[in-house]
Amino acid sequence: MRTLYLYNTLTRKKEPFEPLHPPTVGMYVCGPTVYGEGHLGHARPAITFDLVFRYLRHLGYKVRYVRNITDVGHLENDADTGEDKIAKKARLEQLEPMEVAQNYINSYHHTMHQLNVCDPSIEPLASGHIIEQIEMVEKIIKNGYAYLSQGSVYFDVEKYNSLHHYGILSGRKLEDLVANTRTLEGQQEKHNPADFALWKKANPEHIMRWKSPWSEGFPGWHMECSAMGAKYLGLPFDIHGGGMDLKFPHHESEIAQAVAAENTQPVKYWMHNNMVTINGQKMGKSLGNFITLNEFFTGKHPALEMAYAPMTIRFFILQAHYRSELDFSNEALQASEKGMKRLITALETLKNLSPSETNQVDVSSIKNRFYEAINDDFNTPVLLAHMYDGVRIINSIRDGKTTIDAENLGFLQSLYDTFVTEILGLHIESIGSSGDEKMLDKLMQMVIELRKEAREKKDWNTSDKIRDDLKKAGIQIKDTRDGAEWSRL
RNA sequence: GGUGUCAUGGCCGAGCGGUUAGGCAGAGGUCUGCAAAACCUCGUACAGCGGUUCGAAUCCGCUUGACACCUCCA
């Protein structure tokens with residue numbers, strides 16, 4: 001097994017992964033802002049970093065995975081008042097802000113579980129870490145990188161840039177930034193248009209507000225991740241992940257805040273997943289072109305030709321490299337579903353294979369190719385391609401055209417099990433072993449037996465009626481050489 | 001305008017100088033009472049124009065087109 005290489009946005013190249021404090025690994029990923037239903041775009045980072053989490057654990061690391069929930073502090077762009085996103089939604093729905101957040105948090109969790117995304121080790125709320133954020137702002141002020149202006153605290157980007165490089169992550173220059181800044185509320189309070197808020201004084205109508213040394217208000221856009229990352233992982237920590245759209249200004253500012261407060265680069269490896277697009281355009285909240293995950297699962301959206309199972313969505317995302325754009329289409333999703341089914345079918349075949357005395361399968365070379373692919377910056381498309389090559393071998397063994405001995409068969413079985421279930425996190429529900437499933441299988445064996453008797457008497461009417469009626473009930477009968485099998489449609 | 005990324009066969013999607021990516025669709029076949037499913041075989045693509053090289057999808061330049069970020073966004 002070779003070294004894991006991952007692409008570091010900060011250095012713009014693939015680097016061998018060497019944790020700061022082996023065998024532990026600290027990973028922080030930007031989670032959702034809970035003011036709306038989770039959509040396909042949210043599934044991408046969740047699944048991408050779920051894969052990272054799973055694989056690092058597979059490699060034997062003890063991983064602390066922190067994925068925050070943003071429930072305060074982000075400004076609404078179309079609202080002149082600069083009011084809090086959560087607060088605005090709350091007013092619209094006549095609910096408590098915390099109630100809105102809780103509602104979407106629950107929904108997000110449910111959806112993530114359906115996608116078989118592991119729970120992070122810690123899932124901190126921004127609203128639960130106001131004190132930590134205030135303390136960090138105080139440090140930044142004390143170190144001379146921030147100033148107070150009419151109750152709000154702003155980060156002094158120019159000052160920072162004179163000593164460090166503001167733009168180190170996104171490749172920007174301060175001069176370029178200054179020239180292009182929109183006018184927004186509070187702009188006149190800033191010394192420099194590129195400065196950003198660390199603490200914002202709340203307007204009177206603002207519902208979500210906390211006391212601070214400077215004013216009653218709320219923390220700035222980028223404070224929560226800096227504060228919570230530092231609190232739970234310590235600075236510096238190993239991996240910080242998130243969507244590419246967060247590179248600037250969010251992650252850039254996180255770096256600046258950490259350097260200003262603690263005089264250290266906060267993160268060793270920055271990882272960014274690319275966007276999901278629809279008709280070539282980013283699927284996003286603000287563009288209003290998003291399809292929620294629940295809509296995918298139920299098929300209830302005009303753009304969807306059918307419902308797509310959570311595992312289909314997961315497989316679809318895994319079929320593209322995380323740093324490539326991924327374009328949504330019904331055709332692509334259906335292709336994923338069929339492809340995944342073929343893989344799962346082969347997995348079932350693999351379980352029931354019988355060994356020979358001789359062996360023609362080089363399992364260790366298959367294994368090497370699997371690891372080579374995933375070690376190359378989590379190249380899941382290539383990994384899946386290798387897995388399909390293995391499918392052909394598995395089928396060939398079943399057909400008696402290739403032989404495998406008991407030892408190699410065992411290796412192959414555990415290799416596929418490890419990669420499919422443990423690393424890729426594909427959950428094979430249809431063969432679940434719950435009580436209901438077992439009962440259903442016994443029932444089906446009985447029905448199949450009855451049908452077999454009918455077929456032996458060449459009673460095709462009965463035989464076909466059973467098959468057709470089962471189909472109406474959502475069960476597919478397949479007549480194979482070794483007798484009939486059933487599966488859900 | 002600035003900073004980046006990308007253009008691959010009908011669709012999706014790898015590829016990082018020389019050998020088959022892979023999946024879906026399509027075609028042919030095996031199996032079968034019929035059907036469905038499953039399995040096997042098959043495509044020779046790389047935006048355009050130059051250049052470097054024995055050799056380029058892969059490196060360099062130009063052109064065209066697309067996308068992301070620069071404003072909350074995964």
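The structure displayed is predicted, hence computed values, not measured ones. Reminder, nothing fancy here: chain letters follow the sequence lines and each chain counts from 1.
Residues of residues 106-119 of chain A having a heavy atom closer than 4.0 Å to RNA chain B: none are found.
Rounded to an integer number of Å, the gap from A/Asn273 CG to B/C69 C1' is 14 Å. Atom CD of A/Glu337 and atom P of B/A37 are 13 Å apart (whole Å). As rounded to whole Å, 12 Å separates atom C1' of B/G22 from atom CZ of A/Phe370. In this entry the distance linking CG of A/Asp468 with P of B/C34 reads 16 Å, nearest Å. Distance, A/Ile366 CD1 to B/A21 P: 20 Å, rounded to whole Å.
Comparing the same atom, C1', in B/G17 and in B/C59 gives a spacing of 8 Å after rounding to whole Å. To the nearest whole angstrom, the two C1' atoms, one in B/C16 and one in B/C11, are 25 Å apart. Atom C1' of B/C60 sits at a distance of 45 Å from the matching atom of B/G28, rounded to the whole Å. Here, B/C46 and B/G9 have their P atoms 8 Å apart, quoted to the whole Å. Taking atom C1' on both nucleotides, B/A27 is separated from B/G43 by 10 Å, rounded to a whole Å.
Under the 4.5 Å side-chain criterion, counting only non-hydrogen atoms from C-beta, A/Val117 is in contact with A/Ile47.
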Legend entry - Nucleotide-resolved protein contact map, nucleotides 4-17 of chain B, B/S/- at heavy-atom distance under 4.0 Å: S------SSSSS--

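The side chain of A/Tyr388 approaches B/G22 more closely than any other nucleotide in the set B/C24, B/A74, B/G22. Looking at the side chain of A/Pro249, the nearest of the listed nucleotides B/G23, B/G33, B/C70 is B/C70.
Within the cation-pi definition used here (under 6.0 Å to the ring centroid, within 45° of the axis), A/Arg323 qualifies as a partner of A/Tyr7.
Counting non-hydrogen atoms of other residues, nucleotides and ligands closer than 6.0 Å to NZ of A/Lys201 gives a total of 12 or fewer.
The shortest distance between the side-chain N/O atoms of A/Arg467 and the OP1/OP2 oxygens of B/C34 is not below 4.0 Å.
No engagement by A/Val29 is indicated, since no non-hydrogen atom pair under 4.0 Å with the nucleic acid exists.
Put simply, the side chain of A/Arg172 and the base of B/C69 share a donor and an acceptor less than 3.5 Å apart.
Stem regions annotated for RNA chain B: B:1-7 with B:64-70, B:10-12 with B:22-24, B:26-30 with B:38-42, B:47-51 with B:59-63, counting only runs of 3 or more consecutive pairs of Watson-Crick or G-U type with both contacts under 3.5 Å.
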